[in-house]
Number of protein chains: 4
Amino acid sequence: MIKLEKRTEIIHAALELIAEQGFHAAPMAMIASRAGVGAGTIYRYFANKDVLITELYREIEAKILPCLLEGYIEKQPIRERFLHLSMALLRYFIIHPLYFRYLEQFFNSPYGVALRREKLLGRTEKRDAYRELFVEGVAGQVIKDLPLPVLFALSFGPLLAVTRDHVLGFIVLDDALMARTIEACWEGLKK
Amino acid sequence: MIKLEKRTEIIHAALELIAEQGFHAAPMAMIASRAGVGAGTIYRYFANKDVLITELYREIEAKILPCLLEGYIEKQPIRERFLHLSMALLRYFIIHPLYFRYLEQFFNSPYGVALRREKLLGRTEKRDAYRELFVEGVAGQVIKDLPLPVLFALSFGPLLAVTRDHVLGFIVLDDALMARTIEACWEGLKK
Amino acid sequence: MIKLEKRTEIIHAALELIAEQGFHAAPMAMIASRAGVGAGTIYRYFANKDVLITELYREIEAKILPCLLEGYIEKQPIRERFLHLSMALLRYFIIHPLYFRYLEQFFNSPYGVALRREKLLGRTEKRDAYRELFVEGVAGQVIKDLPLPVLFALSFGPLLAVTRDHVLGFIVLDDALMARTIEACWEGLKK
Amino acid sequence: MIKLEKRTEIIHAALELIAEQGFHAAPMAMIASRAGVGAGTIYRYFANKDVLITELYREIEAKILPCLLEGYIEKQPIRERFLHLSMALLRYFIIHPLYFRYLEQFFNSPYGVALRREKLLGRTEKRDAYRELFVEGVAGQVIKDLPLPVLFALSFGPLLAVTRDHVLGFIVLDDALMARTIEACWEGLKK
DNA sequence: GATGAATGAGCGTTCATTCAT
DNA sequence: CATGAATGAACGCTCATTCAT
């Protein structure tokens with residue numbers, strides 16, 4: 001369908017420009033021209049720039065969750081589940097560096113401020129998998145008895161940092177290094 | 001000297017506006033008016049906005065390092081030195097939330113992109129204290145044998161994340177919680 | 001015939017939107033959607049927006065004239081004929097406030113500028129009824145010997161003003177008030 | 001003072017463009033270029049286009065009132081006062097046709113809609129002079145006992161209509177014709 | 001004939017920077 | 001030295017019109 005193709009082109013052009021150069025390098029006219037459409041055309045698919053930016057964010061997020069949960073076995077021990085989720089997360093971002101960079105830009109822009117608040121409060125499903133893990137782990141005395149935000153910090157802090165380093169080319173995250181990094185995170189978490 | 005006072009006022013106005021609302025809320029005219037100077041005056045102290053923003057960044061960084069090293073004893077065991085540096089870092093940001101928020105804005109803006117690259121490559125002094133620590137720790141088999149960027153990630157990742165959570169009001173970082181968080185980081189690092 | 005129905009729908013949609021909210025609230029796409037047709041379809045019936053707007057004006061005008069002349073008796077005295085025409089005019093606008101509001105919008109828009117010139121020069125039929133009246137009245141020394149535009153002003157000026165007040169809800173024009181208002185106009189006209 | 005000159009130039013450019021061609025012919029860039037200033041400069045004097053348009057309206061209005069009341073004698077009979085005010089009004093518009101045309105454009109645009117409502121309710125000083133006149137005249141049985149809006153219509157309706165005709169060149173309003181026209185209005189008003 | 005997706009010129013507005021005073 | 005008025009390029013967005021289907 002033509003309609004969907006154009007929408008896809010626009011979303012993709014926005015993704016590339018913003019992920020690669022940041023929001024300041026992505027005026028609507030440039031998004032349009034990279035997408036190969038007229039400037040006004042964008043507004044047939046997105047009410048305004050805010051909506052385009054947020055929609056793109058949601059699309060990315062919607063793609064991540066299923067990947068994390070693929071092969072995820074609820075009955076496994078907490079440690080194994082943590083390793084699984086984290087490995088999946090790292091792999092996803094390594095495969096989709098544009099998504100990672102976009103998310104970084106998004107959360108550090110006025111567009112993402114409101115959403116960041118939500119996320120930090122742990123309202124989203126993706127984090128819910130982690131959240132359940134942490135709650136269960138704390139209750140079962142497997143994980144340190146620290147406030148949830150601190151547990152999140154101990155997990156996502158290093159994971160996102162190494163992903164950034166990989167994406168920027170400072171390190172090469174192969175499976176072995178990912179595994180060792182995640183293992184280190186776990187050692188910080190575990191009681 | 002009048003000259004320095006104006007410079008200081010300008011820097012401070014920029015700090016407040018950017019830290020509190022982000023770059024998009026800090027046009028030069030607003031910085032000037034909050035600083036109590038004419039719009040053109042800023043250009044007598046800073047060649048352009050880029051320079052102002054970067055200069056402010058450097059000033060903040062220059063203030064942090066001495067604080068981290070205050071009471072820092074080179075001869076202490078690696079663990080103690082890590083705890084010391086990290087405690088000092090957290091305390092510094094808790095006391096100076098404006099600086100923390102500015103740094104976050106800065107690193108996630110076009111202005112900070114070049115510098116981020118530098119930092120990640122570990123060229124700056126502040127990180128050098130940590131760097132020495134890590135190099136020494138790896139050599140002495142006290143710290144995991146992971147690439148330096150990963151070690152940085154395991155340390156700064158959680159520390160900056162909990163600081164953010166504190167600044168945004170999601171948790172309250174008192175000395176005890178800071179200590180436990182840093183301890184957890186250490187457990188991730190140590191062999 | 002389908003064709004005529006569509007044309008009617010388009011004209012009617014334009015009438016409603018423009019009369020109720022003004023030209024600025026009536027983009028072609030909105031007219032089309034209210035008319036239940038495609039945006040491009042309008043251009044099969046009207047060469048462009050200008051033509052649509054002008055055509056709508058002409059249709060309204062064409063509807064008014066017969067109403068004014070209904071029951072109009074050429075042989076009656078001038079005063080009675082003036083009262084008749086004016087009463088019919090007021091009643092028409094009271095019954096069709098959308099037409100009245102459209103005409104107001106139209107004459108005060110770029111679209112109507114050219115036509116206004118025409119009208120003021122007295123080239124249109126509707127005014128011709130009045131015009132004959134005035135010419136005859138002046139000749140017969142029944143009406144003041146003033147230039148035609150002044151006589152038009154003394155008649156239409158108050159009539160349109162009270163209609164506007166009625167449509168906007170500032171007064172309620174019942175038959176009695178209409179009659180008294182028209183009578184007052186006549187007293188201004190008569191010798 | 002340069003500041004005032006620029007402001008004046010901008011106001012004047014807006015007045016000319018809007019009075020002569022209507023709002024549609026007066027984009028900010030054109031106002032700026034006719035005023036001989038940069039596009040951004042207008043915004044140093046007026047917060048936005050709305051404000052410019054409204055400010056211009058207020059300036060015109062503020063100039064009219066004193067002219068109407070010059071030589072106005074409260075103690076004169078109602079008829080004389082009506083003739084005085086109306087003569088002054090007509091003369092003012094004849095001398096300042098641009099003002100007249102601007103006011104017409106203004107009141108028939110979204111900008112003036114709110115103000116029109118106010119005016120029709122008779123809240124403004126200028127009309128207050130007329131209003132007092134009418135109230136007093138009705139009470140003293142000199143003027144027809146009609147609702148105020150109708151009395152306004154019988155006065156302003158013809159006066160504005162003949163002014164328009166003059167400004168557009170359909171008639172030439174000399175003092176004699178003005179006097180006769182106003183006299184005719186009075187005959188419509190008086191008991 | 002009818003459609004509505006696509007277009008792009010043109011709008012109002014912002015803001016980093018300059019320069020006459 | 002310091003100023004702040006002036007600038008104009010660039011932004012996000014609208015809408016009359018076209019044209020492939």
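Since the structure is predicted, the reported quantities are computational estimates derived from the model, not experimental observations. Order of the sequence lines sets the chain letters (A, B, ...), proteins ahead of strands, with each chain counted from 1.
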Whole-Å distance separating the CZ atom of C:Phe46 from the C1' atom of E:dA2
15 Å
Where does the angle between the aromatic ring planes of A:Phe106 and A:Tyr57 fall among parallel (under 30°), tilted (30 to 60°) and perpendicular (over 60°)?
parallel
Can you confirm whether B:Phe46 sits close enough to B:Ile10 that some side-chain heavy atom of one is under 4.5 Å from a side-chain heavy atom of the other?
yes
Report yes or no: does C:Thr54 contribute a side-chain atom to a donor-acceptor pair with the main-chain N or O of C:Asp50 at less than 3.5 Å?
yes
Specify the separation, in whole Å, of atom CE of B:Met30 and atom C1' of F:dG4.
16 Å
From F:dT3, F:dT7, E:dA6, nucleotide with atom closest to A:Tyr45 side chain
E:dA6
Within the 4.5 Å heavy-atom criterion, are A:Val37 and A:Ile31 side-chain neighbours or not?
no
Rounded distance (Å) that lies between atom C1' of F:dA2 and atom CD of B:Glu9
15 Å
Tell me: CG of D:Leu52 to P of E:dC11, nearest whole Å?
15 Å
Identify the pairs formed between an N or O of the protein and an N or O of nucleotides 16-20 of chain F at a distance under 3.5 Å, and give each distance.
| from | atom 1 | to | atom 2 | distance (Å) |
| --- | --- | --- | --- | --- |
| F:dA16 | OP1 | C:Lys49 | NZ | 2.9 |
| F:dA16 | OP2 | C:Met28 | N | 2.4 |
| F:dT17 | OP2 | C:Tyr43 | OH | 3.2 |
| F:dT17 | OP2 | C:Lys49 | N | 3.0 |

Could you tell me how far apart B:Arg7 (CZ) and F:dA2 (P) are, to the nearest whole angstrom?
13 Å
Hey, where does DNA chain E pair up into stems, meaning at least three consecutive Watson-Crick or G-U pairs with distances under 3.5 Å?
E:2-21 with F:2-21
Got a second to check how far A:Tyr99's OH is from A:Ile60's CD1, nearest 0.5 Å?
6.0 Å
Report the distance from atom NE2 of D:His24 to atom C1' of F:dT14, rounded to the nearest whole Å.
17 Å
Nearest-Å distance, CD1 (C:Ile42) to P (E:dG1)?
15 Å
Hey, which sits more toward the 5' end of DNA chain E by its nearest nucleotide, C:Thr41 or A:Val37?
C:Thr41
Once rounded to the nearest 0.5 Å, what's the spacing between atom CD1 of A:Ile11 and atom CD of A:Glu55?
6.5 Å
salt_bridge(A:Arg101, A:Glu20) N-O dist < 4.0 Å:
no
In whole angstroms, how far is the C1' atom of E:dA16 from the CD1 atom of B:Ile53?
11 Å
Assert: residue with more 5' nearest nucleotide on DNA chain F, out of B:Gly36 and D:Gly36, is B:Gly36
Considering just the side-chain nitrogens and oxygens of C:Arg44, establish if one lies under 4.0 Å of OP1 or OP2 belonging to E:dG1.
yes
Distance below 4.0 Å between C:Lys6 side-chain N/O and E:dT3 OP1 or OP2
yes
Close side-chain approach of D:Tyr102 and D:Ile53, heavy atoms under 4.5 Å
yes
Min side-chain heavy-atom separation C:Arg7-C:His12 under 4.5 Å
no
